[in-house]
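One structure is given here, and the rest of the page talks about it.
We're numbering straight along the sequence, starting at 1.
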Amino acid sequence: MFPTDVPLAHLGSSVLLLLQLLPPTSAFFPNIWSLLAAPGSITHQDLTEEAALNVTLQLFLEQPPPGRPPLHLEDFLGCTLLADDLFASYFGPGSPSRRFRAALGEVSRANAAQDFLPTSRNDPDLHFDAERLGQGRTRLVGALRETLVAARALDHTLARQRLGAALHALQDFYSHSNWVELGQQQPHPHLLWPRQELGNLAQEGDPTCSDCEELSCPGNLLGFTLLTSGYFGIHPSKPLGKCSHGGRFDQSSSQPPRGGINKDSTAPGFSPHHMLHLQAAKLALLASIQAFSLLRSRLGDSGFSRLLDITPASSLSFVLDTTGSMGEEINAAKIQARHIVEQRRGSPMEPIHYVLVPFHDPGFGPVFTTSDPDSFWQQLNEIHALGGGDEPEMCLSALELALLHTPPLSDIFVFTDASPKDAFLTSRVEALTQERRCRVTFLVTEDPARGQGRGRREVLSPLRFEPYEVVALASGGEVIFTKDQYIQDVAAVVGDSMADQVTLPLEPPVVVPERPLVFIVDGLLQRVSVRIHGEVSSFWIRNPAGISQGPEEGQGSLGHTRRFGQFWMVSINDPPQTGTWEIQVTAEGNPRVRVQAQTSLDFLFHFGIPMEDGPHPGLYPLTQPIAGLQTQLLVEVTGLGLRGRPEDSLPHFSHVILRGVPEGAELGQVPLEPRGAPEQGLLVASLPPTLLSTAGPFSLELIGQDGEGRDLHRASPQPCTVVPVLLELSGPQGFLAPGSKAPLTLRIASFSSPQDLNLRTSVNSSFSLTSNLSRVRLEQNESAWGRLWLEVPESAASHSVVMVTVTALGREASPVPPTHAFLRLLVLAPAPQDQLAAPVHSSGPIFTSVSPTLRPSPLVTWGRAGRGLAGNPWWGTVGGVLLLLGLASW
């Protein structure tokens, strides 16, 4: 493992990203957006995703799927390697790869962010620039160690951030150094092995380059066998006779010797050694595969699978009110959890992560997390309703704790019969659900109209449950009010939601008197269900053929209807008729209607700002769009499944509709443009500032057609929010040690209008946080900076997660909605001996081409991206075979 004689590299972290034209940096180009400037180039995103797919295939080949025939390498030779096809082959047809692809997206965006973040973009150690090769190797190894520690602490979000940073540096080595020019055909054998010297490094007085006044500089390296890399910019300054990174944005390349040696792209204007770009990419890919394989060897197959969410299954997270009146609800949660565990045990849909958070008044927690279903069931079975019984309770505090420990794209279920005592957390929890992209469903056994609270004499507000409604709406979940006698039946929605169902968009999205709700069923949907909740007097559902069904319980002409108090569920017969369906509801108050279905065709999305005026054009990723800025929407369609299907039968999407939330008014339609091959499912839409001029929530709907020309309609699982300002929160360069004091940096910027804001901060209890900035007034396109200090108590538990939150609020009666920045940090106590040290017998390189103790294992490339590689002599067609040497001797 990583040895004791290498110091732990420092951990840098940033949650919301800087948004402006950034100073020049150095790297392979960041992501798919970069190809507009240099078509045919291979990006950091390509290398990262291809390496992950190859190691995932290797895992699948070595670990046959339970109850299914083993995979065979020859079935994938000569084919484009796609995540959807891998999952279908291993887990079964229709198995969703959405979480896996989302995890890869986290790693890829963290990789690309190294070229944009102010803490990393100009640091030569993080890009193997300026002949700082030894320092770069130390930082690279440190980032991989941090990945392991975070993954073992089950903080996979932080682990993916550090993995992205490590891969960026590793890939840059082959583009920025002269390793390729030295004629090397394999990755550097010692780059991931710090006990070995890198060897033959150019020293300070060694001249390395001759002058080159052309864009293309194939012969500018002097005839030597020393390892060097180019200088970039003016910090540090380039010594006499040394190579530059090169390219039109590198200020050092105008100083003799002119030119440069980078191989970042195929474009001479950016890369003087562009002719060696593909060779550098080949070695960078192999080295990335080595890094992923190393992590797999250290974490084991189950730990590695959790790191990259290599599963079609969701996590199971429960937040439970444990006060004395909750006996029926706790019992219902136990029954439903046991049903899920037993029904899915040993199947691909068995949850791989379980989270349980109890709460009452005045306490909440502790959080219990495990990957063992038996441990989860034992812990859940020990929870009983004890004491208390009065309103309100610490529900949102417990939910925030669950969100901190639940993987992204998961469902969280809250069982309670009380309103929240901590309603002041509503905005923060709302933002955290969107940052984590988790769906929250509240099952409340209380009548919101009842004025007398349980155990209390005072009259309670009928709006006391409004915070639950706000959080559910922001997360794409719902609040279901029921009674004790129905809770076990209503809790069955837990199992339905765990089945990776999508929510179908309704038009209009809310019930309007005497107007039917319309939804579209396509041929890729199954297990369609209609849920109606409220003071309903009657309803009917009509299929495209005009056949209707009313509220009568039991089997009807369209499906089976069940009623539990004010909650109806209609399970439509399979296969559902395709076309336009209608629902008409007559009710008092505001009834809720939700239509869900199971399908493998879904989509992921994220936002970004094009950076086109620097040495590495790309898309700067954002969690949410910011008011006043031209923003790109990137859509990744999942579940296309290429294998066995002709390309012209693939679904395609033409445009996206933005709707205000919750009223559903259409804000605008924007065309979608494909990027890359059709089977990739990558689409881009340009969202103009006028469309995002007002801060607030909106939903996304994708409109398209299947391979036979029939309509397709998919909605985002939760709404997005246009935030009024940018908040960037940067963490310390390293793990937090108990008893330490860590500086944090805050940046806030407005791009749409003047802002007068108060700033609030929060952190885990027992931690102390102070700030020098509590109020700021910004003009349009103005920024402000602040400093925070985080004190870590001596008693802080090692491997515990710390969440720092900064909130910007409009002053007084300002209508500006709050903006939140979240920073995740990990406490790590110093160990007397490096816990990641290598075994004594492992003193050599990780990989070697001659060791008889290493077993060969297959590798297939180029996979899901396959951009610009067909016909390259070293890559073959779109799927040549390379040889990866495994880790048997480890």
Could you check His799 against Arg152 for side chain to side chain donor-acceptor pair (under 3.5 Å), going step by step and ending with a plain yes or no? CA-CA 8 Å; His799 295 71; Arg152 288 168 176 164; over 6 Å; no
For side-chain contact (heavy atoms from CB on, under 4.5 Å), just list the numbers for Thr805 and Val763, CA-CA rounded to whole Å, side-chain angles, deciding distance to a tenth of an Å, and then say yes or no. CA-CA 6 Å; Thr805 306; Val763 71; over 6 Å; no
Shortest non-hydrogen separation from [X] to [Y] and the atoms involved:
X	Y	result
Ile42	Ala281	CD1-CB, 3.5 Å
Cys217	Gly260	CB-O, 4.1 Å
Ala52	Leu308	CB-CD1, 4.3 Å
Leu823	Gly731	CD2-CA, 3.7 Å
Ser210	Gly219	OG-O, 4.1 Å
Ala169	Phe128	O-CD1, 3.2 Å

Within a strict 4.5 Å, meaning less than it, do heavy atoms of the [X] and [Y] side chains meet?
X	Y	result
Ser288	Gln171	yes
Leu198	Leu201	yes
Lys238	Ser244	yes
Lys741	Leu790	no
Val806	His820	no
Tyr174	Leu191	yes
Ser237	Pro239	no
Tyr231	Asp250	no

Option passing side-chain contact (heavy atoms from CB on, under 4.5 Å) with Asp264 (candidates His176, His277, His274): His176
The residue among Thr819, Val725, Val723 that forms side-chain contact (heavy atoms from CB on, under 4.5 Å) with Ile626 is Val723
Check whether any side-chain N or O of [X] sits under 3.5 Å from a backbone N or O of [Y] as a donor-acceptor pair, and report yes or no.
X	Y	value
Lys242	Asp206	yes
Ser120	Phe116	no
Thr631	Leu629	yes
Asn178	Glu181	no
Ser750	Gln755	no
Ser265	Ser41	no
Asn262	His245	yes
His190	Gln196	no
Ser740	Leu736	no
Trp789	Ser768	no

Distance from [X] atom [atom1] to [Y] atom [atom2], nearest 0.5 Å?
X	Y	atom1	atom2	value
Gln45	Leu104	CD	CG	10.0 Å
Gln185	Trp179	CD	CH2	11.0 Å
Leu788	Leu773	CG	CG	8.0 Å

Test side-chain contact (heavy atoms from CB on, under 4.5 Å) applied to Leu158 and Thr147, step by step: CA-CA 8 Å; Leu158 185 57; Thr147 301; over 6 Å; no
Intermediate values then yes/no, salt bridge (Lys or Arg N to Asp or Glu O under 4.0 Å), Asp211 and Arg258: CA-CA 5 Å; Asp211 191 59; Arg258 293 169 294 177; 2.7 Å; yes
Take Arg787 and Ser771 through the test side chain to side chain donor-acceptor pair (under 3.5 Å) and record every step on the way to the result. CA-CA 6 Å; Arg787 196 74 162 170; Ser771 173; over 6 Å; no
Which residues pass the ring pair (Phe, Tyr, Trp, His ring centres under 6.0 Å) test with His273, not counting sequence neighbours? none
Classify the ring geometry of His168 against His44: parallel below 30°, tilted from 30° to 60°, perpendicular beyond 60°. parallel
Evaluate Arg777 against Glu782 for salt bridge (Lys or Arg N to Asp or Glu O under 4.0 Å), listing each step before the verdict. CA-CA 9 Å; Arg777 178 169 179 81; Glu782 187 177 18; over 6 Å; no
Between Glu146 and Phe735, is a side-chain contact (heavy atoms from CB on, under 4.5 Å) present by the stated rule, with each step listed? CA-CA 8 Å; Glu146 292 158 6; Phe735 285 121; 3.3 Å; yes
Evaluate the criterion side chain to side chain donor-acceptor pair (under 3.5 Å) for residue pair Ser108 and Thr48; output intermediate values, then yes/no. CA-CA 6 Å; Ser108 294; Thr48 300; 4.8 Å; no
Between Thr208 and Leu222, does the side-chain contact (heavy atoms from CB on, under 4.5 Å) criterion hold? Intermediate values first, please. CA-CA 6 Å; Thr208 55; Leu222 299 177; 5.6 Å; no
Decide side chain to side chain donor-acceptor pair (under 3.5 Å) for Glu435 and Thr623; before the verdict, give the C-alpha distance in whole Å, the side-chain angles of both, and the deciding distance to 0.1 Å. CA-CA 7 Å; Glu435 193 262 344; Thr623 303; 5.7 Å; no
Test salt bridge (Lys or Arg N to Asp or Glu O under 4.0 Å) on Glu728 and Arg747; report intermediate values, then the result. CA-CA 5 Å; Glu728 181 187 61; Arg747 178 177 181 264; 5.4 Å; no
Neighbour count >12 (heavy atoms, 6.0 Å) for atom CD, Glu204: no
